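For reference, the structure is listed below as structure tokens.
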Amino acid sequence: MAEQAPGPRPSVYSIPAHRSFADSLAAGLIRTHGREPMALAGGRILLPNGRAVRTMTEAFVRASGGGLVLPRLIAIGDPELDDRIGGALDPAGAGTPIPPAIEPLDRQLALAALIRQPGESAAEAMRLAADLARALDQLIVEEVDPSRLAEIAHDRPELAAHWQSSLDRLQAILGFWPMELARRGMIDLADRRNRLLRAAAARWREQPPSGFTVAAGITTAVPAVAASLKTIAFLEDGMVVLPGLAHPAALPDEEWDLLGPGDDTRGEETHPQY
């Protein structure tokens, strides 16, 4: 039987922990793409948050020693993904339009109106709504259907009474909140970020973007982000750069097999580089 040819290896690189991540990355990209003004400007760097964008901008200034047209710096991890960042991933006319996100304060007010009980103060309802919003965001980011929380009350009858009351209250609004969002023609902010990332990854798989694409310093494994990193790692001019990972490009094939690079396995979670 003929041996199956190995598939492409992902472009994954590491910057040692003892070196400045931002300065090393900026210097490496300038060295690779040169100082021609549009060479860097035609690329994009995905970073974990707004703070990383500022740090990367300062690193490019230091590395250039003068004027430089920066690549597009995109913060993908900020909870409030604003229109400027969203536009970088969702250019006009590309694919199915993604609904706008509801404003955080409008969302909290609407949730408070849904959960407020007779005799309860507005302040208490707002506090509970903020807690509920954080819980919903975490579920959305992890792509867990919020309705699964309702199963807890059914499967765990031994839960304390106050937990049962909270679950009953949550279960009561789970069906109403999606309808309220649909009525407004909006979606949750975390949901919009997930959709933007997955839509961008799908477009890049079908039609790779011009210029280089780098995902730098992003270590979260939430599903939408992980799917984006996987896509970028296999782009012809893409790379994933991680901090302090021990020589990922030098891993032998059997080590990659333990990490589970295929779509049908989660790999060996006890592997030190999992």
Side-chain angles (χ1 to χ4, degrees), residues 49-50 74-157 159-203 220-228:
N49 49 47
I74 305 170
I76 67 169
D78 284 342
E80 295 189 10
L81 192 63
D82 61 23
D83 291 338
R84 178 179 61 83
I85 296 173
L89 292 174
D90 189 21
T96 303
I98 297 175
I102 186 171
E103 291 292 331
L105 180 57
D106 289 343
R107 182 195 196 203
Q108 187 177 357
L109 288 168
L111 287 172
L114 284 174
I115 65 176
R116 188 177 181 183
Q117 296 181 341
E120 187 174 65
S121 69
E124 178 64 10
M126 287 291 285
R127 185 190 68 79
L128 291 173
D131 291 341
L132 175 59
R134 284 191 290 270
L136 288 175
D137 282 342
Q138 187 61 37
L139 291 169
I140 292 169
V141 166
E142 296 291 344
E143 298 187 0
V144 175
D145 188 344
S147 64
R148 290 181 58 184
L149 290 181
E151 301 171 7
I152 298 176
H154 180 270
D155 297 337
R156 301 291 300 276
L159 287 176
H162 70 279
W163 275 105
Q164 287 285 352
S165 176
S166 298
L167 287 169
D168 291 343
R169 200 173 195 180
L170 177 61
Q171 187 175 4
I173 71 163
L174 286 177
F176 290 102
W177 182 238
M179 291 189 293
E180 176 63 17
L181 285 175
R183 185 186 69 80
R184 296 170 179 244
M186 295 180 172
I187 58 178
D188 287 307
L189 202 60
D191 185 15
R192 178 171 169 80
R193 183 177 62 181
N194 284 351
R195 296 193 196 191
L196 287 170
L197 292 172
R198 288 196 175 277
R203 288 198 305 274
T220 179
V222 299
V225 175
S228 297

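Just so it is clear, the structure is predicted and the values come from calculations on it, not from any experiment.
With rounding to the nearest 0.5 angstrom, the CH2 atom of W177 is 11.0 Å from the CD1 atom of I115. The structure places CZ of R107 at 11.5 Å from CZ of R184, a figure rounded to the nearest 0.5 Å.
Although no hydrogens or angles enter the test, the distance criterion places no donor-acceptor pair under 3.5 Å between the side chain of R195 and the main chain of A199. The backbone N or O of I140 sits less than 3.5 Å from a side-chain atom of N194, completing a donor-acceptor pair. Panel note: side chain R192, backbone I98; a donor-acceptor pair is recorded below 3.5 Å.
Between I76 and L196, the closest side-chain pair of non-hydrogen atoms is not below 4.5 Å. Using a 4.5 Å heavy-atom threshold, the side chains of L136 and L132 count as touching.
For the pair G185 and P100, the tightest heavy-atom approach, listed with the atom from each and the gap, is O-CD, 3.7 Å. Of all non-hydrogen atoms in E142 and P223, the two that sit nearest each other are O-CG, 3.7 Å. For the pair A129 and A112, the tightest heavy-atom approach, listed with the atom from each and the gap, is CB-N, 3.6 Å. The minimum heavy-atom distance linking A201 with A227 is given by the pair CB-O, 4.5 Å.
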From CA spacing to verdict: side chain to side chain contact (heavy atoms under 4.5 Å, CB included), V141, R193 = CA-CA 9 Å; V141 166; R193 183 177 62 181; 3.3 Å; yes
Step-by-step side chain to side chain contact (heavy atoms under 4.5 Å, CB included) determination, I102 to E180 = CA-CA 11 Å; I102 186 171; E180 176 63 17; over 6 Å; no
Any chance you could lay out the side chain to side chain contact (heavy atoms under 4.5 Å, CB included) test for E103 and L189, step after step, and finish with the verdict?
-> CA-CA 8 Å; E103 291 292 331; L189 202 60; over 6 Å; no
Start with the C-alpha distance between M186 and D106, add both sets of side-chain angles, then the distance that settles side chain to side chain contact (heavy atoms under 4.5 Å, CB included), and finish with yes or no.
-> CA-CA 11 Å; M186 295 180 172; D106 289 343; over 6 Å; no
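For D131, the side chain to side chain donor-acceptor pair (under 3.5 Å) partners at least two apart in sequence or on another chain are R127, R134.
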